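Heads up, the thing below is written out as structure tokens.
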Amino acid sequence: QVQLMESGGGSVQAGGSLRLSCEASGYTYTAGYMGWFRQAPGKEREGVVAIDRYSGTTKYTDSVKGRFTISQDNAKNTVYLQMNSLKPEDTAMYYCAAGPAVVASQALGVRFYRYWGQGTQVTVSS
């Protein structure tokens, strides 16, 4: 019902920046929450940031606060992730996700998202 397509990943030096994009199509009105998740080799997928598409409320994981910013363009059905001051530990496959209903306190939980993009790789070297 909802299709997601990520773009913008790449390789950067520590301290650099990247801007990821996620375009949603289909029944986008069902995607009440959208977010960015990441998964590094040997680690479980974790929530980075999520946004309530209708209220604009956001939730960030502590490790990216002050460095990453999520935004959305509703006219384009697109969500962005601006990543600044990147660190080697940010290296991961980044996934865009959407869900029809998420409890705000659980917005960074993988289990609550129904739709997923295929991922875009972010690599940060020291």
Side-chain angles (χ1 to χ4, degrees):
Q1 293 182 325
V2 176
Q3 296 79 47
L4 305 173
M5 183 179 297
E6 306 103 325
S7 62
S11 298
V12 298
Q13 295 289 115
S17 298
L18 285 172
R19 183 177 175 85
L20 307 184
S21 298
C22 174
E23 183 176 0
S25 60
Y27 294 99
T28 57
Y29 65 89
T30 66
Y33 270 82
M34 292 186 68
W36 290 96
F37 294 75
R38 64 187 181 187
Q39 187 166 21
K43 295 185 177 181
E44 295 185 350
R45 191 170 299 185
E46 65 171 347
V48 177
V49 59
I51 184 169
D52 182 319
R53 296 185 63 239
Y54 301 101
S55 73
T57 301
T58 59
K59 184 176 179 64
Y60 294 84
T61 192
D62 288 343
S63 64
V64 307
K65 288 181 179 177
R67 299 190 298 120
F68 292 10
T69 303
I70 190 170
S71 61
Q72 63 178 342
D73 185 336
N74 288 329
K76 297 180 180 179
N77 291 315
T78 300
V79 173
Y80 304 94
L81 181 64
Q82 179 66 46
M83 304 185 294
N84 298 325
S85 301
L86 283 162
K87 304 174 181 179
E89 50 262 46
D90 294 318
T91 295
M93 183 71 74
Y94 282 70
Y95 298 90
C96 180
V102 177
V103 176
S105 62
Q106 302 295 320
L108 297 180
V110 170
R111 60 181 289 192
F112 296 106
Y113 288 82
R114 182 175 300 177
Y115 311 107
W116 295 85
Q118 64 182 25
T120 185
Q121 179 68 38
V122 171
T123 301
V124 185
S125 59
S126 60

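Keep in mind that this is a model prediction, so the values were computed, not measured.
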Arg114 and Pro100, any side-chain heavy atoms less than 4.5 Å apart: yes
Nearest non-hydrogen partners of Cys96 and Glu6, listed with the distance: N-OE2, 2.8 Å
Pairwise side-chain contact, Arg53 with Asn77, heavy-atom cut-off 4.5 Å (strictly under): yes
Nearest heavy atoms of Arg19 and Tyr80, plus distance in Å: NH2-CG, 3.3 Å
Linked, directly or transitively: Leu108 and Ile51 (ILVMFWY side chains, under 4.5 Å): no
Tyr54 vs Asn74 side-chain heavy atoms within contact, under 4.5 Å: no
Gap separating the OG atom of Ser126 from the NZ atom of Lys87, nearest 0.5 angstrom: 14.0 Å
Rounded distance [0.5 Å steps], OG in Ser63 versus CD in Glu89: 8.5 Å
Leu4 with Tyr94, same ILVMFWY side-chain cluster at under 4.5 Å: yes
Linked, directly or transitively: Tyr95 and Val110 (ILVMFWY side chains, under 4.5 Å): yes
Leu86 vs Phe68 side-chain heavy atoms within contact, under 4.5 Å: yes
Nearest heavy-atom neighbours spanning Leu18 and Val122: CD1-CG1, 3.8 Å
Test log, rule side-chain contact (heavy atoms from CB on, under 4.5 Å), inputs Arg45 and Tyr113: CA-CA 12 Å; Arg45 191 170 299 185; Tyr113 288 82; over 6 Å; no
Met5 CE to Thr78 OG1 distance, which is reported to the nearest 0.5 Å: 11.0 Å
Connected via hydrophobic side-chain network under 4.5 Å: Leu81 and Val79: yes
ILVMFWY network linking Ile70 to Phe37, side-chain heavy atoms under 4.5 angstrom: no
Gln121 vs Thr91 side-chain heavy atoms within contact, under 4.5 Å: yes
Nearest atoms (heavy-atom pairs only) where Met93 meets Gly119: SD-C, 3.7 Å
Exceeds 12 heavy-atom contacts within 6.0 angstrom, atom OH of Tyr27: no
Side chains of Met83 and Asp90 in contact at under 4.5 Å (non-hydrogen atoms): no
Any Val103 side-chain heavy atom under 4.5 Å of Phe112 side chain: no
Heavy atoms of other groups near Gln118 CD, more than 12 under 6.0 Å: no
Heavy-atom closest pair, residues Tyr115 and Gln1: OH-OE1, 3.0 Å
Taking every non-hydrogen atom, the tightest pair across Ala50 and Tyr33: CB-CD2, 4.4 Å
